[in-house]
Peer 1: 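Next up is a structure, given as C-alpha cells.
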Amino acid sequence: MERQKHKLVATARCEGEGPCRGRLIDRLSHLPDHIAHRILSFLSMHDLARLSYVSKCCRELCLSSPFLNFSKDDCVAAVDTCGRKQRLLNSLERFFLLRGDNKIQRLHFDWRAHSENQKNQSSSSSFSPCVCPDVYVRVISWVDKAVRCNLEELKLNLHHIGEPNLIFPSFLLLCGSLKSLCVHMKGILKTPSSFLSNLKYLELLHVVIEDDEGFFKWISCSCKCIQILRLAYPRGIKNLNIESSSLEIFNLYQPRHGLDTYHISCENLQQLSISLRTDSSSITSLNIFAPNLKTLCWNGNLTSHPNLGKFQSLEYAQVKFDSVGTVYLGKTLIFKYTSIILGPRAGVDDFDPLCEVFRSYALTLKEYVIKVMFNLEGSIPVSFENVRRLRIDIGSISDDVVPPMVSLFRRMPNLYDLDIRRHQRFHDHTSYKHGFLYWKLHKPAFINQLKSLTTELLDEFNEVEFARYILECAQKLTKFVIICSPQNLEEVKRKLEKFKMISKAAIFFKEDRKSEQRQLFDTIP
C-alpha cells in the first residue's frame, strides 16, 4: 500500500510540473512488483542493501524481494577478521528482522569459514578453519525463518563451519513448500520421519548419512515427486536401496566408503551416473531396473555377477573400469553415443559382456579396447553396422596397432566420420612398416562412405601412408582436418603436397586443440 501511494504522489508531481526532470524519474519504483522483484533476483544481498539506500520505495522493494542471494565473499575480503564477520552477521540478522514475514521463494546462502592463517596473513598453505562463535546457529535460524515464509528453493553452502560435529538441519526435509534443496556441509543427517515431501530436486554434498537404510526408505516412500537426486562425497552409506516411480536423474559421486550393495528400481529413470573411488571395496550385489534409461555413466569396478536388466532405450553409455565380471546390458539398438574405457587390469574375458553397447551411432574407443577386440575376433559376435561416427584415441599408428584397426574398420560399413587422436604416446622402439599397399589390400568397409577424417597423427611412416590411402581411395571424402603444432605445419604440408592433388577433399589445418580451423588448401573442382 505504501508503494502504491508513492507511485501516485510521484505521478501527480510529474503532472503538476509538466515534463518530468530526469532526476525525478524512478522507473524501478513504477514497475509492477513481480517484474521489479524479477529484476532484483539477479542482485546479491550486498547489492540489495546498497540499493535500499536509494529511496524509501527501493527499500520496500528490497525488503520484500522473494529472491535472496548471499555470498560472504561478495561482502568481505578473505583476510578479514572475526570481528568484521561478526558485524556482517549482525547486519544480516537485522535484514531478516526487517523483512518480517514477506515470502522467500529462493534463498542461496554461501558462507565459507576463513582461516586463522588468513587473519595473520601467514604464508603457510595449511588451512585451519577459524570457527567464529554462533555462525552455524545464526545461519540455521535464518534458514528456519525462510522455511516458515514458504521457501521453495534453497542452496546452502557452509564450508568448514564447526565440522565435523554439525547436525544437518533435518527440518528442511520436512518442509512442505520446499521443492529444490542443495546443501553443502559436513553435517550428520538424521533419518527423516515418514512426512511426505514435495521435493523435486535434492543435492547433498559431503553430508554424513547416519542411517542409510532409513534415508533411502524415506526417498522411496515419502518423496513421491522427486525427479533429481545427487549425492556427492557422501559418508556413511554402505547399502543403497532406491525404489521410485518419479526419479529421472540419479548421480552418485565418490562415496567416501565403499558400498556393499546397490539396488536401484526406477521405472522412469533416464540418467544414471555412478563414479566410485579407485580404492573402493568390491561390490557384493548390484541390481538395476531402469527400462527407460537413456544415459548410463559408470566409473569404477563392478561386481562379479551384476544384474543390470535390459536398457532398451539407452542412447548414451560411458563405462570406465579396471576389472569387471559378467555384464549384460541387453540389446540396445538405438544407441547414439558410447565410450568404453578399459584400465590396465582388465582382461580379455572382461570384455565379452559389453559387446551389446557397441550398437551405437557414435563410438569412442581407446587403443587398449581396440587391441582386446582384436584378440576376441571370431569368438564373440560384435556388430558395428550402426556406427556412423568413430573416435579412436591411440599413441600412434604403429605396426602393432594397424591389424586391430583393420579388424575394426572391416566391421563398420556405414562409417562416415573418423576422428583419430593422440593419446599417451610412448617413445619406444615401435616399428612402422605398414604402408599404402597394406591398407589397399585390407580395404576398410567404410572406404566408399567416409566423408570426414580428422587426425593429429602425421609424424610416422604408417600415419602418412594411412592419410595417403584415405585421400586417394575415399571418393566421397569432403573434409580432411589436420591437427598439429604451428612449427610442424610446413613439414605436414610437404608430406601431403603430392597427395592433395588426387583428392577433391578440402584440407583444413587446426593449430593444436584450441585454435580455430583455417583452410589450408582450397577444394579442387
Side-chain angles (χ1 to χ4, degrees), residues 364-375 377 390-412 415-513 515 517 520-521 524:
T364 297
L365 298 176
K366 301 293 184 182
E367 178 178 335
Y368 186 80
V369 179
I370 299 174
K371 291 181 177 180
V372 171
M373 291 174 56
F374 179 65
N375 294 332
E377 187 177 18
L390 172 67
R391 169 172 169 165
I392 56 177
D393 297 338
I394 57 179
S396 66
I397 306 180
S398 55
D399 286 350
D400 63 324
V401 176
V402 171
M405 288 178 62
V406 170
S407 173
L408 177 66
F409 293 163
R410 189 183 297 126
R411 289 174 284 175
M412 294 185 174
L415 185 73
Y416 65 76
D417 189 340
L418 176 60
D419 190 345
I420 303 177
R421 299 300 178 102
R422 187 186 305 280
H423 176 70
Q424 295 182 349
R425 182 181 180 183
F426 301 99
H427 296 282
D428 51 16
H429 300 289
T430 303
S431 60
Y432 298 91
K433 299 178 182 178
H434 290 80
F436 174 85
L437 294 179
Y438 182 88
W439 286 103
K440 195 170 184 179
L441 178 64
H442 298 83
K443 180 181 177 181
F446 60 74
I447 193 62
N448 294 323
Q449 303 294 331
L450 193 67
K451 297 179 180 179
S452 175
L453 172 65
T454 300
T455 181
E456 56 181 341
L457 300 176
L458 277 175
D459 297 330
E460 305 296 344
F461 172 78
N462 288 7
E463 297 160 358
V464 176
E465 289 293 287
F466 176 73
R468 173 192 170 189
Y469 170 74
I470 296 296
L471 285 172
E472 291 191 15
C473 299
Q475 299 299 318
K476 293 185 179 181
L477 189 71
T478 59
K479 184 173 68 173
F480 185 16
V481 180
I482 304 167
I483 304 174
C484 68
S485 59
Q487 56 268 28
N488 293 335
L489 173 60
E490 294 302 323
E491 177 66 16
V492 171
K493 289 175 63 176
R494 185 188 63 80
K495 292 178 179 179
L496 294 180
E497 187 68 28
K498 57 184 178 181
F499 308 137
K500 73 182 183 69
M501 300 299 295
I502 303 174
S503 176
K504 295 182 179 181
I507 302 180
F508 297 86
F509 169 67
K510 187 176 179 181
E511 295 182 358
D512 295 329
R513 303 189 181 195
S515 311
Q517 292 185 8
L520 181 59
F521 300 114
I524 301 174

Peer 1: Indicate yes or no: at least one non-hydrogen side-chain atom of Thr455 is less than 4.5 angstrom from one of Ile483.
Peer 2: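 Sidechains of Ile483 and Thr455: no contact.
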
Peer 1: Do the side chains of Val401 and Glu367 get nearer than 4.5 Å, heavy atoms only?
Peer 2: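 SC-SC contact between Glu367 and Val401 confirmed.
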
Peer 1: Is the closest side-chain heavy-atom distance between Arg391 and Ile420 below 4.5 Å?
Peer 2: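 No - every pair of side-chain heavy atoms lies 4.5 Å or more apart.
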
Peer 1: Would you indicate whether the side-chain heavy atoms of Leu365 and Asp393 approach each other to under 4.5 Å?
Peer 2: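 With C-beta onward as the side chain, the pair stays apart.
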
Peer 1: Return yes if some donor-acceptor pair links the side-chain N/O of Glu456 with the main-chain N/O of Arg422 below 3.5 Å, else return no.
Peer 2: yes

Peer 1: Here's a test for you: under side chain to side chain contact (heavy atoms under 4.5 Å, CB included), which of Ile470, Val464, Asn462 qualifies with Phe466?
Peer 2: Ile470

Peer 1: Can you tell whether the side chains of Asp400 and Lys371 come within less than 4.0 Å, N to carboxylate O?
Peer 2: yes

Peer 1: Would you say the side chain of Lys443 lies within less than 4.5 Å of the side chain of Val406, judging by non-hydrogen atoms?
Peer 2: no

Peer 1: Any heavy-atom pair between the side chains of Ser396 and Glu463 that's under 4.5 Å?
Peer 2: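 Of all side-chain heavy-atom pairs linking Ser396 with Glu463, at least one is under 4.5 Å.
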
Peer 1: Measure the CG-CG distance between Leu418 and Leu450 for me, rounded to the nearest 0.5 Å.
Peer 2: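 Going from the CG atom of Leu418 to the CG atom of Leu450 covers 6.0 Å.
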
Peer 1: To the nearest 0.5 Å, tell me how far Asp419 CG sits from Ser452 OG.
Peer 2: 8.0 Å

Peer 1: Go through the steps to decide whether Met412 and Leu390 satisfy the test side-chain contact (heavy atoms from CB on, under 4.5 Å), and finish with yes or no.
Peer 2: CA-CA 9 Å; Met412 294 185 174; Leu390 172 67; 3.7 Å; yes

Peer 1: Taking side chain to side chain contact (heavy atoms under 4.5 Å, CB included) as the definition, give me every residue that meets it alongside Glu465, ordered by chain and number, with sequence neighbours left out.
Peer 2: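 Side chain to side chain contact (heavy atoms under 4.5 Å, CB included) check on Glu465 returns Phe436, Phe461, Arg468.
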
Peer 1: Taking side chain as C-beta onward, heavy atoms only, is Phe480 less than 4.5 Å from Phe509?
Peer 2: no

Peer 1: Taking all non-hydrogen atoms of both residues into account, name the closest pair between Leu477 and Ala505 and its distance.
Peer 2: O-CB, 3.4 Å

Peer 1: Using only atom types and a distance under 3.5 Å, with no angle test, would you say the side chain of Gln449 pairs donor to acceptor with the backbone of Tyr416?
Peer 2: no

Peer 1: So, Thr454 side chain and Val481 main chain: donor-acceptor pair closer than 3.5 Å or not?
Peer 2: no

Peer 1: Do you know which two heavy atoms are closest between Pro444 and Trp439, and how far apart they sit?
Peer 2: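 Heavy atoms only, the tightest pair is CD-O, 4.0 Å.
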
Peer 1: Do Leu471 and Leu453 have side chains that approach each other closer than 4.5 Å (heavy atoms only, starting at C-beta)?
Peer 2: no

Peer 1: Can you tell me how far apart CZ (Phe508) and NZ (Lys479) are? Round to the nearest 0.5 Å.
Peer 2: 7.0 Å

Peer 1: Which is it for Arg421 and Ile394 under the side-chain contact (heavy atoms from CB on, under 4.5 Å) test, yes or no, and what are the steps along the way?
Peer 2: CA-CA 6 Å; Arg421 299 300 178 102; Ile394 57 179; over 6 Å; no

